[in-house]
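Here the structure is a predicted model, which is why all the values come from computation and not from measurement.
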Number of protein chains: 2
Amino acid sequence: MSAEMLKGHLDAVLLATIGDEALHGYAIIEAIRARSGGHFDLPEGTIYPALHRLELAGLLSSRWVQPDGGRKRRVYALTDGGRQSLVERRAGWQSFASGIDLVLGSRA
Amino acid sequence: MSAEMLKGHLDAVLLATIGDEALHGYAIIEAIRARSGGHFDLPEGTIYPALHRLELAGLLSSRWVQPDGGRKRRVYALTDGGRQSLVERRAGWQSFASGIDLVLGSRA
DNA sequence: AGTTATACCTAGCAATACTAGGCTTAAAAC
DNA sequence: GTTTTAAGCCTAGTATTGCTAGGTATAACT
């Protein structure tokens, strides 16, 4: 799958993956791989800058957590703005996808 | 709709829009607007460079046509490689869209 | 004569996902 | 006990790409 396809949709993927359960970056990568049915296997160099971007935009908040075993993790959760943005981006995706479907004649 | 969403999908849109009927740039813009149900209204600065890119990649061929009325037009048609690429990109889109659907939980 | 619609083009911009590297710590293997 | 592997985070730089803003030319309409 082309690398450019994801552009403009990664934020929605991240917001939806985090959802209600706070997750750290590494776990987000695995969750995306699992929930996408193996479609997406995103590298760290994609995820971490995107998380920082979303936090800077006020859609995510992060805190450092020291688990019993293992090293410190940075855990991300949706803010109120993040939840709202997720709703908008879901609608935006459906609009976009139906437009592409119409043009490609795939699912029309 | 965000401007970044289209990235990576425009080529498929162009190839599918041209399809079997040779079209010129301006008509392609109108065809995309019509067939997408108004979802996409793409500016010329998006279309023309993309057409050049696809021709350079060997997926499109162009010829200049002088119609009875009106000014000269550059008419694009799919090459064999373009037709093959369209098939692949359609499949790529479906794979991508189903991955996003799974993660967003929209159409799953 | 002037405006509008048709029709093409390009330079530069902004955004973004990825590559390729580096750093640290805990667990597992040898 | 030392080395290796996996977990976990990070960033600089790159390539691609769609868009903005501008320009040019011709035909039709007012």
key: Pairs involving residues 41-52 of chain B, ordered by first then second residue, that meet side chain to side chain donor-acceptor pair (under 3.5 Å) (sequence neighbours left out)   = B/Arg33-B/Asp41
For [X] and [N], what is the distance between atoms [atom1] and [atom2] respectively, to the nearest whole Å?
X: A/Ile29; N: D/dG8; atom1: CD1; atom2: P; value: 10 Å
X: A/Glu30; N: D/dC9; atom1: CD; atom2: P; value: 10 Å
X: A/Lys72; N: C/dT25; atom1: NZ; atom2: C1'; value: 12 Å
X: B/Tyr26; N: C/dT4; atom1: OH; atom2: P; value: 14 Å
X: B/Lys7; N: D/dT17; atom1: NZ; atom2: C1'; value: 5 Å
X: B/Arg73; N: C/dT6; atom1: CZ; atom2: P; value: 10 Å
X: B/Glu4; N: D/dT17; atom1: CD; atom2: C1'; value: 8 Å
X: A/Leu23; N: D/dC9; atom1: CG; atom2: P; value: 11 Å

query = Quick one: does A/Thr79's side chain have a donor or acceptor within less than 3.5 Å of a partner on A/Gly58's backbone?
reply = yes
Partners passing side chain to side chain donor-acceptor pair (under 3.5 Å) against [X] (at least two apart in sequence or in another chain):
X: B/Ser36; answer: none
X: A/Arg71; answer: none
X: B/Ser95; answer: A/His39
X: A/Arg73; answer: none

Looking at side-chain heavy atoms only, is the closest gap between [X] and [Y] below 4.5 Å?
X: A/Leu6; Y: A/Leu42; result: yes
X: A/Leu59; Y: A/Leu78; result: no
X: A/Asp80; Y: A/Gln84; result: no
X: A/His9; Y: A/Leu14; result: no
X: B/Ser62; Y: B/Val75; result: no

query = Does any pair with a residue in residues 52-61 of chain B pass salt bridge (Lys or Arg N to Asp or Glu O under 4.0 Å), and if so which ones, sequence neighbours excluded?
reply = B/Asp11-B/Arg53, B/Glu55-B/Arg74
ask   = Reading DNA chain C 5' to 3', what string of ( ), [ ], | and . shows its pairs, if Watson-Crick and G-U wobble pairs count only when both distances fall under 3.5 Å?
value = ||||||||||||||||||||||||||||||
task = Could you check which residues of residues 9-21 of chain A get a heavy atom under 4.0 Å from DNA chain C? Sort them by number, please.
result = A/Leu10
query = Looking at residues 40-59 of chain B, who's got a heavy atom less than 4.0 Å off DNA chain C?
reply = B/Glu44, B/Gly45, B/Tyr48, B/Pro49, B/His52
Extract all donor-acceptor atom pairs below 3.5 Å that involve side chains of residues 17-30 of chain A and protein atoms in other chains or at least two apart in sequence.
residue, atom, partner, partner atom, Å
A/Thr17, OG1, A/Val13, O, 2.6
A/Glu21, OE2, A/Arg35, NH2, 2.4

Residues forming a ring pair (Phe, Tyr, Trp, His ring centres under 6.0 Å) with A/Phe40, sequence neighbours excluded = B/Phe96
message = Strictly below 4.0 Å: does B/Arg74 bring a side-chain N or O up to OP1 or OP2 of C/dC8?
response = no
Where do N or O atoms of nucleotides 25-30 of chain D meet protein N or O atoms at under 3.5 Å, pair by pair?
residue, atom, partner, partner atom, Å
D/dA25, N3, B/Arg71, NH1, 2.9

